[in-house]
Amino acid sequence: MVLIGILALQGDFEEHCQKVRALGGQAIEIRQREDLQAPLDGIILPGGESTVQGKLLQDLKLLKPLQDKIAAGLPVFATCAGLILLAEKIENQQENYLATLPVTVRRNAYGRQLGSFYTELDFSGLGQLPATFIRAPYISKVSKGVDILAEKDGKIVAVRYQNQLGLAFHPEVDSDDSIHAYFLKICQTK
Ligand code: GLN
């Protein structure tokens, strides 16, 4: 059984825990440094508010150990605010956080009126999937080696780079399980 650590500082971590458990995985919440000592097969960074999560990561001294684990190859799956935490660059913001994923993101990229919406998109290898966007970023630039997994209206909204999977939307709030299943498979074969 795979053991997945779910960053549980703020945001919708509970929905990710439920997805992992529904797929037969084991989920534990990561709230402090010691929690990272568990023999994790993968990590999930949930949606929420990236500035709050980023500050908590720094205050709780979780930033460096998480960065080290991801750099060492631990699979990570990040949604929305989590994607912002992973991105190497954030447009219109000097500060970045884990910066392990070589992409540039634009925060709150869909503006106020279109802040939240539901759609369906074609996800590479998985077909047509539901996608819920909540004050989402999109990916404005990718470096070489980053695979684009989904786009919406010509904007990149899902990527994979080696052990890192980053999505602008929230598969944890929809009934479809296939993206979580895809991530658990990466964790099983790491
Ligand atoms: N707007 C949030 C941010 O910039 C992300 C929103 C989300 O995770 N649903 O951090």
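Atoms considered below: every heavy atom in the structure, side chains included; atoms not considered: hydrogens, waters and symmetry mates. This is a predicted model, so every value here is computed, not measured. Each ligand, and each atom within it, is numbered from 1 in the order the structure gives.
Ion pairing between a basic and an acidic side chain is recognised when a charged N comes within 4.0 Å of a carboxylate O; Lys152 and Glu120 show no such pairing.
Relative orientation of the Tyr110 and Phe117 rings is perpendicular, given thresholds of 30° and 60° on the angle between their planes. Note: His16 and His180 have tilted aromatic rings, judged against thresholds of 30 and 60 degrees for the angle between ring planes.
Atoms of ligand 1 found under 4.0 Å from any heavy atom of His170 (numbered from 1 in listed order, with element): 7 (C), 8 (O), 9 (N). Contact atoms of ligand 1 toward Ile84: 3 (C), 4 (O), 10 (O) (distance under 4.0 Å to a heavy atom of the residue). The contact set between ligand 1 and Gly47, taken as ligand atoms under 4.0 Å from a residue heavy atom, comprises 8 (O). Here is the list of ligand 1 atoms found below 4.0 Å of a heavy atom in Arg135: 1 (N), 2 (C), 5 (C), 6 (C). Against a heavy-atom cut-off of under 4.0 Å, Ser50 is close to the following atoms of ligand 1: 3 (C), 4 (O), 10 (O).
An N or O contact shorter than 3.5 Å links Ile134 to ligand 1 by distance.
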Exercise. Should Arg107 and Glu49 be marked as a salt bridge (Lys or Arg N to Asp or Glu O under 4.0 Å) after you check the CA-CA gap, both sets of side-chain angles, and the distance that decides it?
Worked result: CA-CA 10 Å; Arg107 285 186 67 204; Glu49 186 55 42; 2.8 Å; yes
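For the ring pair (Phe, Tyr, Trp, His ring centres under 6.0 Å) criterion with Phe169, the lone passing option out of Phe133, Tyr118, Tyr138 is Phe133.
No side-chain donor-acceptor contact under 3.5 Å links Asp147 to the backbone of Val159.
Remark: minimum distance from atom 1 (N) of ligand 1 to any protein heavy atom is reached at Asn108 OD1, 2.7 Å. Among protein heavy atoms, atom 4 (O) of ligand 1 sits closest to Arg107 NE, 2.7 Å. Regarding atom 7 (C) of ligand 1, its nearest protein heavy-atom neighbour is Cys80 SG, 2.8 Å. The protein non-hydrogen atom at the shortest distance from atom 2 (C) of ligand 1 is Gly48 O, 3.5 Å.
Heavy atoms of Gln53 come nearer than 4.0 angstrom to ligand 1 in no pair at all.
With sequence neighbours excluded, no residue forms a ring-ring contact (aromatic ring centres under 6.0 Å, His included) with Tyr97.
When side chains are defined from C-beta on, Ser143 does not count as touching Val103, because their heavy atoms never get closer than 4.5 Å.
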